[in-house]
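Shown next, in structure tokens, is the structure this report addresses.
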Amino acid sequence: MEILVLNGSPKGNLSVTMQYVAFLAKKFPAHTFPIVNIAQQARQLENDPAAFAAVVDRVRSADAVLWAFPLYYYLVHGHYKRFIELIGERGAQDAFRGKYAASLSTSIRFFDHTAHNYINAVADDLAMRYFGRYSAKMNDLFIPAEQDRLLAFTENFIAAVAAGRPTARAHRPLVPVGRRYTPGPASPPAETGGRKVLIVSDDAGDDNLAAMVARLAAAFTGPVETVNLADLDIKGGCLGCCRCAYDNTCVYEDKDGFTAFYREKVKTADIVVYAGAIRDRYLSARWKTYFDRTFFLNHVPTLEGKQLSFLVSGPLAQLANLRQILESYAELQHAAFLGIVTDEGESAETDALLDSLAATAAVQAARPYFPPPSFLSVAGAKLFRDEIWSRLRFPFIADHRYYQAHGLYDFPQRDWAARLRSVFMYWLVHIPAVRKEVYGPKLPEHMIAPLRKLVDSL
Ligand SMILES: Cc1cc2nc3c(=O)[nH]c(=O)nc-3n(C[C@H](O)[C@H](O)[C@H](O)COP(=O)(O)O)c2cc1C
């Protein structure tokens, strides 16, 4: 059986993920795992139709496809995303239709589920028979039990393909919005109080998004800087080289305008709005490249204290995965999240939501409000904290310094009062009479007693 590997790593063969593929190739000598370096050759695939067609032909003749990729910012690398867009733009879907597929990633398992959900949805949209996902941690291959787990997954995959077993479809086709947004008369603008408003937009060819951006820009009193992603000087996607890990110096530092833009415009703005149109199941590949390139600041919150919101043109209500990505991005950036406005409703509703966004930004300037963190950022921050404290301290030296300086190494072990109380109670409830009392009908009362005391004292 030929299982064609679509490699999503910008590092091509020098990829961690491809070592997992090489492992499979050794363990399953009766099958072949030819690799196409999609993310690394993105420019060629974009500019040379023959090269793109050759990849499509290889998909057509393969028995199955393995979407194998590193995690990049909740998803896949921007170049891989672009390849997925090209499949639609160039009408190559038929090569994928009915083909068995599985996804394999390596990462530190930070939002690996959203990346696999995305690939699963892409496979469903291409009418592939998506078998399942395998999310490996970068170093899992050193662990015999993890090797065995990967082998079992692959054996099952091969058996399913050989038997022509049915697969469940997790995503239904998206229903496009298909509604034209026509802004109504402007409302009185919201007072920015001299704060800097920056709107970064990728509205190429999307009239609704351009109109939403214009409406929002006019909804503030002060000057608003609007930057189109197409005009940003971005020479290429993140290379995954991690040279930034020592002191946040990007390999592109003086070769293009991205890091200067991020430092001088984004980091100095008070209100940041990111605007994009849905392309397949995410925003554009250009937006993805933007997020990938912000990695030069590694795992630290880079929009701390800013008000952040998104304008989205397209069927976001059908894309819970994308909504989760945007919301957790805002949380993990420690930004005050003002929400997402889309063009899914009537024009008047969109107008009202855009005006309200500007008004909320003005209100919260006087009384800042940062929503409490949810599981998304609590879990994400703990994962980063543990990785940077241990295995990733090298090479991510800049991160380590930041985490130390900003108290992000907030290990729970330091809560000595809680630990002592737990040890004390752990042993105390071994006494039957105490246990009867503690775990008896009065337990709910005991649980709220300290809170009640606090409220009563007010
Ligand atoms: C720009 C960038 C973004 C990343 N984003 C994520 C992420 O969102 N979640 C995660 O778990 N790992 C993330 N990683 C880590 C990579 O997924 C991980 O190192 C992977 O094993 C690299 O595989 P490769 O060598 O095949 O490219 C990121 C790495 C880079 C360079």
Side-chain angles (χ1 to χ4, degrees), residues 1-8 33-69 75-105 114-133 157 160-161 164-178 202 204-206 276-289 313-316 318-319 321-322:
M1 187 179 292
E2 181 177 286
I3 300 173
L4 186 70
V5 178
L6 299 177
N7 178 8
F33 294 81
I35 296 170
V36 186
N37 288 326
I38 299 289
Q40 194 184 42
Q41 294 170 14
R43 199 155 280 166
Q44 195 196 0
L45 295 176
E46 171 104 46
N47 298 329
D48 178 358
F52 179 79
V55 174
V56 172
D57 282 344
R58 292 187 73 176
V59 170
R60 196 173 276 116
S61 63
D63 296 297
V65 167
L66 184 63
W67 298 90
F69 56 89
L75 211 82
V76 297
H77 189 275
H79 288 174
Y80 207 50
K81 169 80 174 58
R82 181 65 193 135
F83 172 74
I84 290 166
E85 290 179 4
L86 286 177
I87 296 170
E89 283 174 24
R90 298 186 179 172
Q93 296 95 328
D94 67 299
F96 294 80
R97 191 166 301 129
K99 192 94 27 196
Y100 275 93
S103 50
L104 165 71
S105 68
T114 50
H116 283 278
N117 287 345
Y118 169 73
I119 289 293
N120 187 165
V122 165
D124 283 348
D125 288 344
L126 290 169
M128 300 183 89
R129 292 194 268 184
Y130 181 77
F131 167 79
R133 59 187 62 186
F157 177 45
V161 179
R165 266 192 244 140
T167 52
R169 188 186 174 122
H171 307 85
R172 293 289 139 200
L174 289 177
V175 181
V177 169
D202 185 16
D206 192 297
I278 305 282
R279 299 290 301 274
D280 53 66
R281 298 270 173 166
Y282 183 81
L283 304 173
S284 64
R286 209 196 309 256
W287 257 123
K288 189 66 202 21
T289 294
S313 164
L316 185 69
Q318 298 165 56
L319 291 167
N321 196 53
L322 176 56

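Owing to the predicted nature of the structure, the values given are computational and were not obtained by experimental measurement. Just so you know, residue 1 is the first one in the sequence shown, and it goes up from there. Because only heavy atoms are used, hydrogens play no part in the values below, and waters and symmetry mates are left out as well, while side chains stay in.
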Which pair of non-hydrogen atoms, one from Gly8 and one from Ala39, has the smallest distance, and what is that distance?
O-CB, 3.3 Å
Does some side-chain heavy atom of Tyr118 sit less than 4.5 Å from a side-chain heavy atom of Ile84?
yes
Measuring from atom CG of Asn7 to atom OH of Tyr80, what distance do you get when rounded to the nearest 0.5 angstrom?
7.0 Å
Given Arg281, which of Ile119, Leu322, Leu174, Asp124 fulfils the side chain to side chain contact (heavy atoms under 4.5 Å, CB included) condition?
Leu174
Does Arg279 pair with Glu89 as a salt bridge, N-O distance under 4.0 Å?
yes
Report the distance from atom CG of Asp94 to atom NZ of Lys99, rounding to the nearest 0.5 Å.
10.0 Å
Indicate the atoms forming the closest heavy-atom contact of His116 with Ser105, along with that distance.
NE2-OG, 2.7 Å
Heavy-atom closest contact (Gly88 atom, Gln93 atom, distance)
CA-NE2, 3.6 Å
Return the orientation label for the Phe96 and Trp67 ring planes: parallel under 30°, perpendicular over 60°, tilted otherwise.
parallel
Nearest 0.5 Å please: distance from the CZ atom of Arg82 over to the CD1 atom of Ile38.
13.0 Å
Asp57 and Arg60 ion-paired at < 4.0 Å
yes
Kindly say whether Ala277 contributes a backbone atom to a donor-acceptor pair with the side chain of Asp206 at under 3.5 angstrom?
no
Does a side-chain heavy-atom distance below 4.5 Å link Leu283 with Asp202?
no
CG of Leu319 to CG of Asn117, rounded to nearest 0.5 Å, is 11.0 Å
Ignoring hydrogens, what is the shortest heavy-atom contact between Ile278 and Gly314? Give both atom names and the distance.
CG1-CA, 3.6 Å
Give, for atom CZ of Arg58 and atom CG of Leu6, the distance between the pair rounded to the nearest 0.5 Å.
9.5 Å
Please check if the distance between the ring centroids of Tyr100 and Phe131 is under 6.0 Å.
no
Any non-hydrogen side-chain atom of Pro49 less than 4.5 Å from a side-chain atom of Phe52?
no
Residue pair Val76 / Lys288: nearest heavy atoms and the distance that separates them:
O-NZ, 2.9 Å
Considering all heavy atoms, the nearest Val59-Ala95 contact:
CG1-O, 3.6 Å
Could you tell me if the side chain of Asn120 sits less than 4.5 Å from the side chain of Ser103, heavy atoms only?
no
Quick check against the 3.5 Å criterion: does Lys81 have a side-chain atom that pairs as donor or acceptor with the backbone of Thr289?
no
With distance as the sole test, does Asp63 use its side chain to make a donor-acceptor pair with the main-chain N or O of Ile3 at under 3.5 Å?
no
Salt bridge or not for Arg43 and Glu46, using N-O below 4.0 Å?
no
Output the distance between atom NE2 (His77) and atom CZ (Phe83), rounded to the nearest 0.5 Å.
15.0 Å
Please confirm whether the backbone N or O of Pro34 pairs with a side-chain atom of Glu2, one donor and one acceptor, at under 3.5 Å?
no
